[in-house]
Amino acid sequence: MHGTPPTLAALTTYLLSKTGKAARGRLAAELSDEGLRLWHMAVLAALADFGPQVQRELAGRLGVDPSDMVKVVDGLAASGCVERARDTADRRRVRVALTPAGRDRLAALTARAEAVQDDVLAPLDARERAQLHALLLRVHDGLAAGGR
């Protein structure tokens, strides 16, 4: 028996929230098997996609408190996934760069994330998955641009 009240099931935002929470939980469980959290993967992805970053700017880009970012980067540096160095232009700033080991780790994590995604999206065919992705990307971009 389906337990979701029809009033809630009629709200797309409710369905997004419930689906997102379930998907996030599954992905977090996969990453925890590696001793990592979602922020670790986010930092690796940002460095892979945007190149070396000033640690404080990386925190702002990802919406992470700077003190929490220090902990995430500390863990990634300890495992050899990132390197930190003082910015030559401003010694007060710390630049973070992805290492080859970090790039390999991101590839492995991405494969695990894609497996979770395949499981979550199993009820949809390839065309429906592409359509859902395109629509969610539009909503995401609208929110990021300061949409209502």
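No experiment lies behind these values; they were computed from the predicted model shown.
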Could you walk me through whether D74 and K71 pass the salt bridge (charged side-chain N to carboxylate O under 4.0 Å, His left out) test, one step at a time? CA-CA 5 Å; D74 282 349; K71 295 172 197 164; over 6 Å; no
Under the 3.5 angstrom rule, does the side chain of [X] hit a backbone N or O of [Y] as a donor-acceptor pair?
{"X": "T4", "Y": "A9", "result": "no"}
{"X": "S17", "Y": "T13", "result": "no"}
{"X": "R129", "Y": "L121", "result": "yes"}
{"X": "T19", "Y": "L16", "result": "no"}
{"X": "R95", "Y": "A85", "result": "no"}

Does atom CZ of R93 have more than 12 heavy-atom neighbours from other groups under 6.0 Å away? yes
Charged N to carboxylate O under 4.0 angstrom, R138 versus D141? no
According to side chain to side chain donor-acceptor pair (under 3.5 Å), who are the partners of Q55, at least two apart in sequence or on a separate chain? none
So do [Y] and [X] actually touch side chain to side chain, heavy atoms under 4.5 Å?
{"X": "M41", "Y": "L36", "value": "no"}
{"X": "R61", "Y": "E57", "value": "no"}
{"X": "L31", "Y": "R112", "value": "no"}

